[in-house]
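These notes are about the structure you will find just below.
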Amino acid sequence: MTDTSHSALPMRTDMCGELSANDVGRRVSLCGWVGRRREHGEHLAFVDLRDRTGYVQCVVDGAHDLRSEYVIRVTGTVRHRPEGTVNPNLSTGEIEVGDCEVEILSVAEPPPFPVDERIDTDETIRLRHRYVDLRRDRMQRNLRLRARVNSAIRRAMEEQDFVEIETPMLIASTPEGARDFVVPARLKPGSFYALPQSPQLFKQLCMVGGIDRYYQLARCLRDEDLRADRQFEFIQLDAEASFASQDDVLAFITHAVSAAVEAATGDTVSDIPRMTWLEAQERFGSDKPDVRFGMELVELTEVFAATGFNAFKAPCVKGIRVPGAADTTRNQLDALTDTAKRYGAKGLVWMKVEEGGTISSPVAKFLSEPELSGIAEALEAKAGDLLLLVADERDAVRHVLGLLRLELGRPPVNEGGFQFLWIVDFPLFEGLDESGSPIPAHHAFTMPHVDDMHLLDSTSGDDLLAVRSQSYDLVVNGWELGSGSVRIHRGDVQSKIFGLLGITPDEAQVKFGFLLDAFRYGAPPHAGFAFGIDRLVAILAGEENIREVIAFPKTQSGADPLTNAPTPLEPEQLAELGLRTLPPKA
Ligand code: ASP
């Protein structure tokens, strides 16, 4: 007869959450943490044993002092639960493990918060004891989802002949435009490395180096204020390809995104629609439109071309229709007007569509009949709708209505599926600085649109601002996932752009001389892209906050409550680095 006692079996024969009625009669050995317990008198306890796969109920006889989160090994026999005690909410709810021998592998202090998810816990406490938090179902699910997504992305890139190359973490500053994290150089006191904001320059060097197709799940560091969708350090799928056009890059990345979505949900993304930056701004007032819902911005400038109403004598008038919101109260409308003003509007005009189609509004008396019917027609207004109108410079109108649209209509992150969108034809410059020099919208190596090259020679600011670039963003459900561009690989075009940006040849040489030097030795045309894995996984996991898909994130104030980072250095360590700290600013 085989010995099926505790000592004869392997440490673990099965996973708790994977046992089922098919295992009835088997002697199994399970390891995990003690979840909920119900004592029945002194000598019988029902213990929910938990491992990474889930829970199974163990019926333990005899006096064992088993407490929450003790780590135990149980050897027992799988059996059907008695009639009437089957738990349909548990994957293992049909069975239990009886006739148990129990070994305590580790005792545990009472956990700082229950591992049971039903109890909400303050985030700082969760992060301080992240090792306990990680045991919870939500974090287990999210981190495993993340691992599947990473692996699918790697596979997708490799299927397309991309080579994974690791670029250095200690570098000279990259021109991505955010603040660098810096690391003092012990061997060269007074000098610093920067941590990479992205591998941008290195991936371009890889192209000059004949790698042809590069990718990396790259750790990027940017010293920017943290938000729900931003951490100091984040991971991007970073990619670059030689002899590739914008269309090629979009296809490569679409394949990777589709693989990620499939790994997470089982569905694929066959095609990602494109929208120009201009159309996105005009229709949604944003360069990262959330197209899961309507309420698009509707052009009304023409309707008021000859208006006598001063507030609408503006370069641009647009409106949005909030379906069925005519019952919005006066107080709510006042609050909405304040919000619009906070977003930069001079004012907000509201109108309610009555039964029969009449428009009621405090400003209706200043508008002509054709104007009122023009509004109703353009906005396709129906009885019961609320209409919101803003008049101002075109940029301001788009901005304010774009934000109001989100405020009034945006569905929660996990509703409406995943609406991916490529935004293309971004402007090359996002504005002019005080000296009239254009400010790059992406980075200084972005190739201008071929049709707009001639405008680079113009002296007019408007012409420069009209130059489109060969850059593109990937957006999903109103989140910017990432961006990329076709790069400038020709010295003459690069010099022209540096000239426009007010970067002298000397400055260019100091900042990115090594890239410019490399380009002198035969640079292939190349293009690339990077998108944030944290954001993508958060969306796929239905989480609003990327911290929920990162094992050890920082809080909003950049601190790590678990390790207490950042911490001061010992005086000896500072001395070795040739550093002295100033007292904190008052
Ligand atoms: N380096 C850019 C970024 O991190 C992406 C790219 O242009 O490839 O946003």
Side-chain angles (χ1 to χ4, degrees), residues 149-168 174-176 196-220 235-260 269-272 274 420-426 428 442-450 468-475 480-491 493-494 497 512 514-516 518-533 536:
V149 165
N150 282 352
S151 139
I153 288 176
R154 284 208 164 88
R155 232 175 303 122
M157 294 310 282
E158 276 154 26
E159 278 161 18
Q160 304 181 100
D161 288 332
F162 281 75
V163 182
E164 182 168 11
I165 293 193
E166 290 133 333
T167 51
T174 45
E176 297 280 347
Q197 293 185 32
S198 90
Q200 183 64 34
L201 300 187
F202 287 97
K203 65 176 172 176
Q204 294 193 245
L205 292 174
C206 283
M207 296 304 103
V208 184
I211 299 295
D212 202 85
R213 290 183 185 180
Y214 140 96
Y215 89 97
Q216 181 179 195
L217 293 186
R219 190 171 292 269
C220 304
I235 310 288
Q236 301 201 90
L237 166 68
D238 190 50
E240 195 76 16
S242 293
F243 310 109
S245 65
Q246 169 169 317
D247 285 349
D248 295 328
V249 175
L250 267 44
F252 294 141
I253 301 297
T254 300
H255 183 55
V257 167
S258 176
V269 176
S270 51
D271 188 36
I272 298 181
R274 297 182 196 189
F420 289 94
L421 192 63
W422 288 111
I423 305 297
V424 297
D425 293 353
F426 270 74
L428 187 63
H442 196 49
H443 47 60
F445 310 105
T446 303
M447 185 74 100
H449 200 289
V450 268
R468 290 164 299 164
S469 67
Q470 296 187 53
S471 70
Y472 29 85
D473 272 11
L474 179 61
V475 169
E480 182 199 324
L481 269 190
S483 54
S485 59
V486 175
R487 324 295 182 188
I488 299 171
H489 68 283
R490 273 173 34 199
V493 181
Q494 189 67 71
I497 296 290
F512 1 86
F514 57 94
L515 183 70
L516 302 178
F519 281 181
R520 303 209 315 265
Y521 294 95
H526 57 286
F529 195 79
F531 72 75
I533 300 282
L536 177 63

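- Distance check: Leu205 CG to Ile165 CD1 gives 11.5 Å after rounding to the nearest 0.5 Å.
- Proximity of Arg487 to Met207: side-chain heavy atoms (C-beta onward) are nowhere separated by under 4.5 Å.
- Inter-residue side-chain proximity for Ile272 and Leu250 is flagged as unmet; no heavy-atom pair is nearer than 4.5 Å.
- Put simply, the side chain of Leu474 reaches to within 4.5 Å of the side chain of Trp422, judged on heavy atoms.
- When all heavy atoms of Ala259 and Ala152 are compared, the pair lying nearest together is O-CB, 3.5 Å.
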May I have the step-by-step check of side-chain contact (heavy atoms from CB on, under 4.5 Å) for Leu201 and Phe514, ending in yes or no? CA-CA 9 Å; Leu201 300 187; Phe514 57 94; 3.5 Å; yes
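- Heavy-atom neighbours of Arg219 CZ from other residues, nucleotides or ligands within 6.0 Å: at or below the threshold of 12.
- Here the CG-CZ distance, from Asp248 to Arg213, works out to 7.5 Å after rounding to the nearest 0.5 Å.
- Here the CD1 atom belonging to Ile488 is positioned 10.0 Å from the CD atom belonging to Gln470, to the nearest 0.5 angstrom.
- Heavy-atom minimum distance, Gly522 versus Val208: O-CG1, 3.7 Å.
- Taking each heavy atom of Lys203 and Ala239 in turn, the nearest pair found is NZ-O, 3.1 Å.
- Below 30°, between 30° and 60°, or above 60°: for Phe519 and His526 the angle between ring planes is above 60°, a perpendicular geometry.
- The two residues Ala256 and Ile153 have their closest heavy-atom pair at O-CG1, 4.0 Å.
- Judged by distance alone, the side chain of Tyr472 and the main-chain N or O of Ser485 form a donor-acceptor pair under 3.5 Å.
- The heavy-atom pair separating Cys220 from Gln236 by the smallest distance is SG-NE2, 3.4 Å.
- Side chains of Leu515 and Phe445 form a contact here, defined as non-hydrogen atoms less than 4.5 Å apart.
- In this structure, Phe529 has its ring center no closer than 6.0 Å to that of Phe252.
- To the nearest 0.5 Å, atom CD of residue Glu158 and atom OH of residue Tyr215 are 3.5 Å apart.
- Checked by atom type and distance alone, the side chain of Ser483 never pairs as donor or acceptor with a backbone atom of Asp473 at under 3.5 Å.
- The shortest distance between side-chain heavy atoms of Phe202 and Pro196 does not fall below 4.5 Å.
- To the nearest 0.5 Å, atoms CG (Leu516) and CZ (Arg520) are separated by 8.5 Å.
- A distance-only check finds a donor-acceptor pair linking the side chain of Gln216 to the backbone of Thr167 [under 3.5 Å].
- Between Pro524 and Asp212, the closest side-chain pair of non-hydrogen atoms is not below 4.5 Å.
- Side-chain contact between Gln204 and His489: absent, with no pair of heavy atoms (C-beta onward) separated by less than 4.5 Å.
- Between the CZ atom in Phe420 and the CG atom in Leu536 there is a gap of 5.5 Å [rounded to 0.5 Å].
- Here the side chains of Ile253 and Leu237 are in contact, with some heavy-atom distance below 4.5 Å.
- In this structure, Arg274 does not pair ionically with Asp425, as no charged nitrogen and carboxylate oxygen lie closer than 4.0 Å.
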